[in-house]
There are 2 protein chains.
Amino acid sequence: MPLDDRKKKILQVVVDDYVSTYEPVGSKALIERHNLNVSSATVRSEMAELEKLGLIEKPHTSAGRIPSDRGYREYVDSLMHVDNLSDNDRKIITSRISKSVDEVSDLIKNASNALSISTGFASLAITPRLRRSYLTQLKMLMIEPGKVLVVVVLSEGVVKDKLVRIPNFLTDKQVAMISASVESALSGKPLEEITLITVTSSVKNANIPDSLLNQVLYEAYTAIKQADKLDIYLQGEHRMLSLPDFNEMSKARELLDTLSDDGMIAGYVNELGSEVIDDKSNSSDNSCMIRIGQEIALEGFDDCSFITTTYKIGDTLIGNIGVIGPKRMEYSKVISQIDFVRNTLSDEMKKLYE
Amino acid sequence: MPLDDRKKKILQVVVDDYVSTYEPVGSKALIERHNLNVSSATVRSEMAELEKLGLIEKPHTSAGRIPSDRGYREYVDSLMHVDNLSDNDRKIITSRISKSVDEVSDLIKNASNALSISTGFASLAITPRLRRSYLTQLKMLMIEPGKVLVVVVLSEGVVKDKLVRIPNFLTDKQVAMISASVESALSGKPLEEITLITVTSSVKNANIPDSLLNQVLYEAYTAIKQADKLDIYLQGEHRMLSLPDFNEMSKARELLDTLSDDGMIAGYVNELGSEVIDDKSNSSDNSCMIRIGQEIALEGFDDCSFITTTYKIGDTLIGNIGVIGPKRMEYSKVISQIDFVRNTLSDEMKKLYE
DNA sequence: TTTGGCACTCGAAGACAAAGAGTGCTAACA
DNA sequence: TGTTAGCACTCTTTGTCTTCGAGTGCCAAA
């Protein structure tokens, strides 16, 4: 059922007006604000059809119409035109991201923060998936007897470490020997292929009782595995409280309750992300993933939209960044903001890696 | 102006009742719920005096009384009796804290989380102040040319590290030499005494051009300095939305806005903490710091109380942990919860350090 | 000093009406 | 056949008024 031009136009202005006023838009107000060259009665009958198609709906009989989830979807998919960001917005974002940082994670945090500030919504960023990175170095640094810092270096220069406990009487040398063995056996292997078995079988003839050795190797294994862990940075949740969409306390509460569960959000976005990454056809560099209202199967997100995109470190590392805002948002503006943040982030990444 | 026993009793039940009902308590309701053996008229005149003393107040003429900030203060200082925690509460807290962790920071996070869950309020924890710890080790681990992981080990076995960039053409050996020099020059020195000057003057005759050397040393210095940084873990902010005290959107918004600024809260609590630490007379192990309503000079905290206490790692490291709740809270219960969390945290710390 | 009684205050809650925006439907029109 | 004007109807919003009740302050008597 392709929409004719007039229906498209009407849907578009319904969305536009509703987004900017947060008031259901009626036939009369609509023709007053936009010159459609038709009467309100015509608009009414068109609206009735749009409603039949499930694209708009009325909160109650005598109110105007508001876009339904499917209406927003249609708008986003084919009615919206993404415009360029104003110089001012660019400046604000650039300055927030380009603050000098040493660690990649800080850079990602800054980018997410810039996004939250410039959109006025909540933002999120997920550190890159590292499953397919491979191990390049593994060092074990004795801090004191029984306590070792395991440093894991991955192919893209990513460094992760973990403090672990090992049997007290192992010497510096023994530990160094173990880590060298593990490193030489596993370096070049993708993280996802490293298992407890490959780790334990990487050390032979160590002259150390098996049980002790295995303890150390187990810790080494956990250190390697946790390098794979995704971190999520969720910021600006409180900004959602300033939106009229969440003026109702119960809505605000539900939203923030869910939002407080980092892990759940990370898992959800991660899945979204994976879809696109695996679906090569769709992975054009500039595409955002958009989930609107009920499309997000999380409690309290009925009035929200997720807009996320991917960023890259080098050629292989892929993470996500995006916003969580009200579904009643200026999609085109937010998309261009995200896009700009993504690009700025990439640039800064490159600088960081010289 | 010491209160006579009856006034004390009345103030006490006003607080108790108001805390449990969130309704201004009137003279009649008061004598009905508690057998004071006096008439409501007597209570009324007593209340009028308590009001004159600034301990209670009325929201409006024909309502009951609610405690003022000073009323809560009086209650907390001399009317309240801290009772023991129920076995059930203990179990809940213990199980949340004793989840196996490797890092001290996770333990602290768990403790803070347990506090938030068991109180139903927001909680915070601040990592220990390390200014007075001294450096025991400094290692620089070459990750790749131009990229070095600086590992700082402090007296209490605390390990911090930072990835830094150095000139590309410095060799493994040169870096090792530099770090060894710095370590031997500075180990044993308290963090607060380490300055850029002490760091740079610790390496002599390095056979490396000064400008390069200084770059490396500067990075080493920043790595050491950032070991001193306080981290704050703020959790369960969203729980505040479920309290009737913050049903008004504007209050909730203001509170969460301020709460979203970790740094500000950290700074504030840090100051509170320092006061008590420096004031030896008051640093009895079990004391909580309590700040009520306007005593907290932060925007949006008029209806909140801070209750914080200190925890120790070993004998010297002192951090803070506490809750941010509505000032209309069961102080005695919360205090015993914090106290129990603190003790459990200490126990687990010991286990972690064997 | 305590108490019962009483007039008074003020907010909460409910009822009701008027206003206003918007709808659907129908009949007429180009 | 698509468009439009007109009209009755619906439903929320807003404001006003009233009632109800809990609570107060004050006073005179015990």
Side-chain angles (χ1 to χ4, degrees), chain A residues 1-11 13-18 20-68 71 244-245 247-249, chain B residues 3-11 13-18 20-68 71 244 247-248:
Chain A
M1 37 107 230
L3 298 180
D4 63 53
D5 282 354
R6 195 168 61 194
K7 285 204 182 60
K8 280 185 187 170
K9 178 72 182 168
I10 290 177
L11 177 55
V13 303
V14 166
V15 173
D16 284 340
D17 280 17
Y18 183 63
S20 58
T21 63
Y22 193 49
E23 304 223 311
V25 7
S27 53
K28 209 168 159 193
L30 197 149
I31 55 163
E32 269 166 20
R33 274 194 290 252
H34 311 270
N35 47 343
L36 294 179
N37 301 320
V38 288
S39 74
S40 66
T42 310
V43 172
R44 274 203 291 284
S45 70
E46 290 284 52
M47 279 176 148
E49 289 185 55
L50 283 171
E51 185 168 3
K52 222 167 276 168
L53 292 171
L55 297 171
I56 58 179
E57 53 198 23
K58 342 178 238 229
H60 54 85
T61 324
S62 74
R65 303 302 215 293
I66 64 176
S68 67
D245 310 64
N247 246 334
E248 238 170 280
M249 206 57 193
Chain B
L3 297 180
D4 62 53
D5 283 354
R6 196 168 62 193
K7 285 204 183 58
K8 280 186 187 169
K9 177 72 182 167
I10 289 177
L11 177 55
V13 304
V14 167
V15 174
D16 284 340
D17 280 18
Y18 183 62
S20 59
T21 64
Y22 193 50
E23 306 224 311
V25 7
S27 54
K28 207 167 161 194
L30 198 150
I31 55 163
E32 270 166 20
R33 275 193 290 254
H34 310 270
N35 47 342
L36 295 178
N37 301 322
V38 289
S39 75
S40 66
T42 311
V43 172
R44 273 203 292 284
S45 70
E46 291 283 53
M47 278 177 150
E49 290 186 56
L50 283 171
E51 186 169 3
K52 223 167 276 170
L53 293 171
L55 297 171
I56 58 179
E57 53 198 22
K58 337 179 243 228
H60 53 86
T61 325
S62 73
R65 303 305 214 293
I66 64 176
S68 68
N247 246 335
E248 238 170 281

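Below, read A as the first sequence line, B as the second, and so on, with proteins coming before strands; counting in each chain starts at 1.
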Gap between atoms [atom1] and [atom2], on [X] and [N] respectively (whole Å):
X     : N      : atom1 : atom2 : answer
A:I56 : C:dG22 : CD1   : C1'   : 13 Å
B:E51 : D:dG23 : CD    : P     : 15 Å
A:E57 : C:dG24 : CD    : P     : 14 Å
A:K28 : C:dG20 : NZ    : C1'   : 10 Å
B:I31 : D:dA22 : CD1   : C1'   : 13 Å
B:E49 : D:dG25 : CD    : C1'   : 13 Å
B:D4  : C:dT1  : CG    : C1'   : 12 Å
A:R33 : C:dG22 : CZ    : P     : 8 Å

Between [options], which nucleotide has the shortest distance from any of its atoms to the side chain of [X]?
X     : options               : value
B:S27 : C:dT23, D:dT24, D:dA5 : D:dT24
A:R65 : D:dT4, C:dG24, D:dT24 : C:dG24
A:M47 : C:dT23, C:dG22, C:dT3 : C:dT23

No-H, no-angle donor-acceptor pair, B:S62 side chain to C:dC10 base, under 3.5 Å:
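Under the 3.5 Å cut-off, the side chain and the base do form a donor-acceptor pair.
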For B:D17 and B:H34, does a side-chain donor sit closer than 3.5 Å to a side-chain acceptor?
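Checked: B:D17/B:H34 side chains pair up, N/O donor to acceptor below 3.5 Å.
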Every protein N/O lying under 3.5 Å from an N/O of nucleotides 14-18 of chain C:
none

Using side-chain contact (heavy atoms from CB on, under 4.5 Å) as the criterion, list what pairs up with B:D4, not counting sequence neighbours.
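Expected list: B:R6, B:K7, B:E46.
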Test of understanding: with side-chain contact (heavy atoms from CB on, under 4.5 Å), list the residues that count as partners of A:A29, not counting sequence neighbours.
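So A:A29 forms a side-chain contact (heavy atoms from CB on, under 4.5 Å) with A:R33.
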Please list, chain by chain and in numerical order, all residues satisfying salt bridge (charged side-chain N to carboxylate O under 4.0 Å, His left out) with [X], sequence neighbours excluded.
X      : value
A:E23  : none
A:D5   : none
A:D245 : A:R328

Residue-phosphate contact under 4.0 Å: [X] side-chain N/O, [N] OP1/OP2:
X     : N      : result
B:K58 : D:dG25 : yes
B:T61 : D:dG23 : no
A:S45 : C:dG24 : no

Spacing of B:E49 atom CD and B:R44 atom CZ [to the nearest 0.5 Å]:
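Those atoms lie 14.0 Å apart.
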Spacing of B:S45 atom OG and B:L50 atom CG [to the nearest 0.5 Å]:
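One gets 9.5 Å once the value is rounded to the nearest 0.5 Å.
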Checking A:T42 now: which residues fulfil side chain to side chain donor-acceptor pair (under 3.5 Å) with it, not counting sequence neighbours?
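By the side chain to side chain donor-acceptor pair (under 3.5 Å) rule, A:T42 matches A:S39.
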Would you tabulate the nitrogen or oxygen pairs shorter than 3.5 Å linking the protein to nucleotides 25-30 of chain C?
none

Residue that, paired with A:I31, satisfies side-chain contact (heavy atoms from CB on, under 4.5 Å) out of A:V13, A:I10, A:V43:
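Answer after filtering A:V13, A:I10, A:V43: A:V43.
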Hey, what bend do you get for the helix from C:dT1-D:dA30 to C:dA30-D:dT1 if you fit axes on five pairs at each end, rounded to 10°?
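Here the helix ends are tilted 20° relative to one another.
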Can you give me the N/O atom pairs linking the protein to nucleotides 13-16 of chain D at distances under 3.5 Å, or say none if there are none?
none

Kindly list each side-chain donor-acceptor pair under 3.5 angstrom involving residues 51-61 of chain A, sequence neighbours excluded, with atom names and distances?
unit_1	atom_1	unit_2	atom_2	d
A:E51	OE1	A:R65	NE	2.9
A:E51	OE1	A:R65	NH2	2.7

Comparing A:A48 and B:N37 on DNA chain C - which has the more 5′ nearest nucleotide
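Looking at DNA chain C, the more 5' nearest nucleotide goes with B:N37.
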Which heavy atom of [X] sits nearest a heavy atom of [Y], and at what distance?
X     : Y     : value
B:I66 : B:Y18 : CG2-CE1, 3.4 Å
A:S27 : A:S40 : CB-O, 3.6 Å
B:V15 : B:P67 : CG2-CG, 3.7 Å

